[in-house]
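This is a predicted model, so every value here is computed, not measured.
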Amino acid sequence: MITSEERNLAAKKLLKLANDMYEDIIRGKRPKITFPIRSLANAKFDAEKGTFAILGKEKDRMLTVNQAKIFAQTIKMMEFSKELLDTDDFSTLREAYYVSKNWGEARFDDQQPSNGVIEDIEAASEYLREDLGFIPEEDGAAVIGPLRIVDRAADGEEIKIDCTKLGSGAYNIPNDVTKLEFETKADFILAIETAGMFARLNAEEFWKKHNCILISLKGVPARATRRFIKRLNEEHKLPIMVFTDGDPYGYLNIYRTLKVGSGKAVHLADKLAVPEARLIGVTPQDIVDYELPTHPLKDHDVKRLKDGLKNDDFVRSFPEWQKALNQMADGKVRAEQQSLAKYGLKYVVEEYLPAKIEDSKTWLP
């Protein structure tokens, strides 16, 4: 969780960036702010860290005629962030966009450029945007299982949420997880792609039978979900098992983002990625071994597979993933998690997942 000292350090970093620009002006130079280029083209898989590591390509935002407006917007957003840190407040990304409406000619006309400037500041400062006072509109996903979450009310009162006593529902991960504390004796975390499969496992109390925490990823996991999982992994040494659909999107968008990072936030992979995660299913070999009902790969699936095999440094770093993706490309089919219902609604709970969890040889790195 971010402390008052860490907030002060983040504020000092913003001040340093501003002072560097001021020094440029004093020396008669055009002020600029520098940040790394955020894309997988400027990243390489670091086997030692187990995440993407950003390479050295950078770009400058300099005060010129053509960049005057976005330069001013960047400065104003830095000022707003400093104000949030000084007052221990926060702003949603949407609120930040509307705050800019008071900035005269520096206002944003659309939220996407506003979000982009916040991400630029995040990259330049090397602090997560959440630690700079900006939180997304969307919250994280659902959680159930042997976990007690310690939160605090606005007045500072401590609140403990027992995630084993939520009835048929689940705890919803908030969009800012920095102030949460955890108590757990779980054996592992099972992160699940679809809300439907999460509902099935929760209804059957899979978490109670296997002493695990279930987390619904809701597709590509939100940053709050990724930070939540990363904290549990690091602070409580919980293994992370991931259960996705058997398709290129589940592997190369959902799983890979959780495990090693995304192109858009590659500069923050060490703060968001969970290198110890392992994919336990649905693998291309599962489709064969369990004779699962399938769907033909669509054109975009084939394109994603080819691109992953050719250009994705994560895939190229693991022979197991190369073999799996080639197997899927050759078979030309994909399978959903729910295809296991072919054998009955309880099969995934009573047979498939227990067998997969026990046999690490069937997992993908």
Checklist outcome for this item: Between Gly133 and Leu84, the two heavy atoms sitting closest are O-CD1, 3.5 Å
Checklist entry - Which heavy atom of Asn202 sits nearest a heavy atom of Ser168, and at what distance? => result ND2-O, 3.5 Å
Checklist outcome for this item: Hits for side-chain contact (heavy atoms from CB on, under 4.5 Å) against Gln111, two or more places apart or cross-chain, chain-then-number order -> Leu93, Arg94, Tyr97, Asn115
Checklist entry - If every non-hydrogen atom of Gly116 is compared with every non-hydrogen atom of Arg38, which pair is closest and at what distance? => result O-NH2, 4.0 Å
Checklist outcome for this item: Rounding to 0.5 Å, atoms CG (Leu353) and CD1 (Ile280) come to a distance of 5.5 Å
Next on the checklist: Taking the side chain as everything from C-beta on, heavy atoms only, tell me whether Trp363 gets closer than 4.5 Å to Leu279.
Outcome noted: no
Checklist entry - If you measure from the Lys or Arg side-chain nitrogens to the Asp or Glu carboxylate oxygens, is any gap between Asp301 and Arg304 under 4.0 Å? => result no
Item to check | Atom of Leu128, atom of Lys271 and distance for their closest heavy-atom approach | outcome: CG-CD, 3.8 Å
Next on the checklist: Please report the interatomic distance CG(Leu340) to CG(Asp286), rounded to the nearest 0.5 Å.
Outcome noted: 8.0 Å
Item to check | Pair Glu183 + Lys160: basic N to acidic O under 4.0 Å | outcome: yes
Next on the checklist: Can you list everything that forms a salt bridge (Lys or Arg N to Asp or Glu O under 4.0 Å) with Glu234? Sequence neighbours excluded, please.
Outcome noted: Lys230
Next on the checklist: If you take the centroid of each ring, where Trp contributes its six-membered ring, are Phe243 and Tyr352 closer together than 6.0 Å?
Outcome noted: yes
Next on the checklist: Could you check whether Glu119 pairs with Arg129 (Lys NZ or Arg NE/NH1/NH2 to Asp/Glu carboxylate O, under 4.0 Å)?
Outcome noted: yes
Next on the checklist: For a ring-ring contact (aromatic ring centres under 6.0 Å, His included) check, start with the C-alpha distance between Phe318 and Phe45, then their side-chain angles and the critical distance, and finish with the verdict.
Outcome noted: CA-CA 10 Å; Phe318 289 99; Phe45 180 73; 5.4 Å; yes
Checklist entry - Going from NZ on Lys332 to CG on Leu297, what distance comes out if it is rounded to the nearest 0.5 angstrom? => result 9.5 Å
Checklist entry - After noting the C-alpha distance and the side-chain angles of Leu201 and Trp207, does the key distance pass the side chain to side chain contact (heavy atoms under 4.5 Å, CB included) rule? => result CA-CA 8 Å; Leu201 297 179; Trp207 54 269; over 6 Å; no
Checklist entry - Between Ser262 (side chain) and Thr257 (backbone), is there a donor-acceptor pair under 3.5 Å? => result no
Checklist entry - So, Lys208 and Thr164: side-chain donor and acceptor under 3.5 Å apart, yes or no? => result no
Item to check | Non-hydrogen side-chain atoms of Pro354 and His210 separated by less than 4.5 Å | outcome: yes
Checklist entry - Below 4.0 angstrom, N of the basic side chain to O of the carboxylate: do Arg316 and Asp312 qualify? => result no
Item to check | Shared hydrophobic cluster for Met21 and Phe35 (ILVMFWY, side-chain gaps under 4.5 Å) | outcome: yes
Next on the checklist: Return the NE2 to OG distance between His295 and Ser339, rounded to the nearest 0.5 Å.
Outcome noted: 8.0 Å
Item to check | Lys/Arg N to Asp/Glu carboxylate O, Arg61 vs Asp120, below 4.0 Å | outcome: yes
Item to check | Side chain proximity check, Met328 to Pro248, heavy atoms < 4.5 angstrom | outcome: yes
Item to check | Verdict with reasoning, Glu320 to Lys323, per salt bridge (charged side-chain N to carboxylate O under 4.0 Å, His left out) | outcome: CA-CA 5 Å; Glu320 300 95 330; Lys323 179 181 177 182; over 6 Å; no
Checklist outcome for this item: Residues passing the side-chain contact (heavy atoms from CB on, under 4.5 Å) test with Lys82, sequence neighbours excluded, are Ala11, Leu14, Leu15, Asp86
Next on the checklist: Under a 3.5 Å threshold, yes or no: a donor from one side chain and an acceptor from the other, between Gln285 and Gln327?
Outcome noted: yes
Next on the checklist: Does Arg334 form a side chain to side chain contact (heavy atoms under 4.5 Å, CB included) with Thr294? I'd like the steps, not just the answer.
Outcome noted: CA-CA 5 Å; Arg334 56 188 172 85; Thr294 60; over 6 Å; no
Item to check | Electrostatic pair Lys346-Glu350, nearest N-O below 4.0 angstrom | outcome: no
Checklist entry - Are any non-hydrogen side-chain atoms of Leu238 and Ile229 less than 4.5 angstrom apart? => result no
Checklist entry - For Glu126, does the CD atom sit with more than 12 other heavy atoms under 6.0 Å from it, leaving out its own atoms? => result no
Checklist entry - To the nearest 0.5 Å, how far apart are CD in Gln73 and CD1 in Ile118? => result 11.0 Å
Checklist entry - Leu364 and Tyr255: side chain to side chain contact (heavy atoms under 4.5 Å, CB included), yes or no, with the steps? => result CA-CA 10 Å; Leu364 286 169; Tyr255 175 69; 5.9 Å; no
Next on the checklist: Regarding Glu130 and Arg223, does a basic nitrogen lie under 4.0 Å from an acidic carboxylate oxygen?
Outcome noted: yes
Next on the checklist: Looking at Lys32 and Asp24, is any side-chain nitrogen of the basic one under 4.0 Å from a carboxylate oxygen of the acidic one?
Outcome noted: no
Checklist outcome for this item: Of all heavy-atom pairs linking Phe52 and Val266, the shortest is CB-CG2, 3.7 Å
Checklist entry - Mind checking whether Ser114 and Met77 have side chains closer than 4.5 Å, heavy atoms only? => result yes
Checklist entry - Are Met62 and Ile121 in one and the same hydrophobic cluster, where Ile, Leu, Val, Met, Phe, Trp and Tyr link if side-chain heavy atoms are under 4.5 Å apart? => result no
Checklist entry - According to a 4.5 Å side-chain heavy-atom criterion applied to Ile, Leu, Val, Met, Phe, Trp and Tyr, with indirect links allowed, do Val220 and Trp321 form part of one hydrophobic cluster? => result yes
Next on the checklist: Under a 3.5 Å threshold, yes or no: a donor from one side chain and an acceptor from the other, between Gln338 and Thr194?
Outcome noted: yes
Checklist outcome for this item: Hits for ring-ring contact (aromatic ring centres under 6.0 Å, His included) against Phe198, two or more places apart or cross-chain, chain-then-number order -> none
Checklist entry - Between Phe182 and Phe228, is the ring centre distance below 6.0 Å? => result yes
Item to check | Heavy-atom side-chain contact between Thr92 and Glu95 under 4.5 Å | outcome: yes
Checklist entry - With side chains defined as the heavy atoms from C-beta onward, is the minimum distance between Arg107 and Glu105 less than 4.5 Å? => result yes
Next on the checklist: Is there a path of hydrophobic side-chain contacts, each under 4.5 Å between heavy atoms of I/L/V/M/F/W/Y residues, joining Tyr347 to Met197?
Outcome noted: yes
Item to check | Thr184: which of Arg148, Glu235, His236 passes side chain to side chain contact (heavy atoms under 4.5 Å, CB included) | outcome: His236
Next on the checklist: Hydrophobic clusters here meaning ILVMFWY residues chained together by side-chain heavy-atom distances under 4.5 Å, can you tell me if Val260 and Leu272 are in one?
Outcome noted: no
Checklist entry - Sequence neighbours excluded, which residues qualify as side-chain contact (heavy atoms from CB on, under 4.5 Å) partners of Val99? => result Phe80, Trp103
Checklist entry - Are any of the side-chain nitrogens in Glu6 or Lys179 under 4.0 Å away from the carboxylate oxygens of its partner? => result no
Checklist entry - How far apart are the closest heavy atoms of Tyr290 and Ala355, and which atoms are they? => result OH-CB, 4.3 Å
Checklist entry - To the nearest 0.5 Å, how far apart are CD1 in Ile213 and CD1 in Ile144? => result 10.5 Å
Checklist entry - Do Ile192 and Ser216 pass the side chain to side chain contact (heavy atoms under 4.5 Å, CB included) test, and can you show the C-alpha distance, the side-chain angles, and the key distance before you say yes or no? => result CA-CA 5 Å; Ile192 305 144; Ser216 170; 5.5 Å; no
Checklist entry - Below 4.5 Å, heavy atoms only, C-beta onward: do Arg278 and Val242 meet side chain to side chain? => result no
Item to check | Those residues that, when tested against Glu58, pass side-chain contact (heavy atoms from CB on, under 4.5 Å) (two or more places apart) | outcome: Thr34
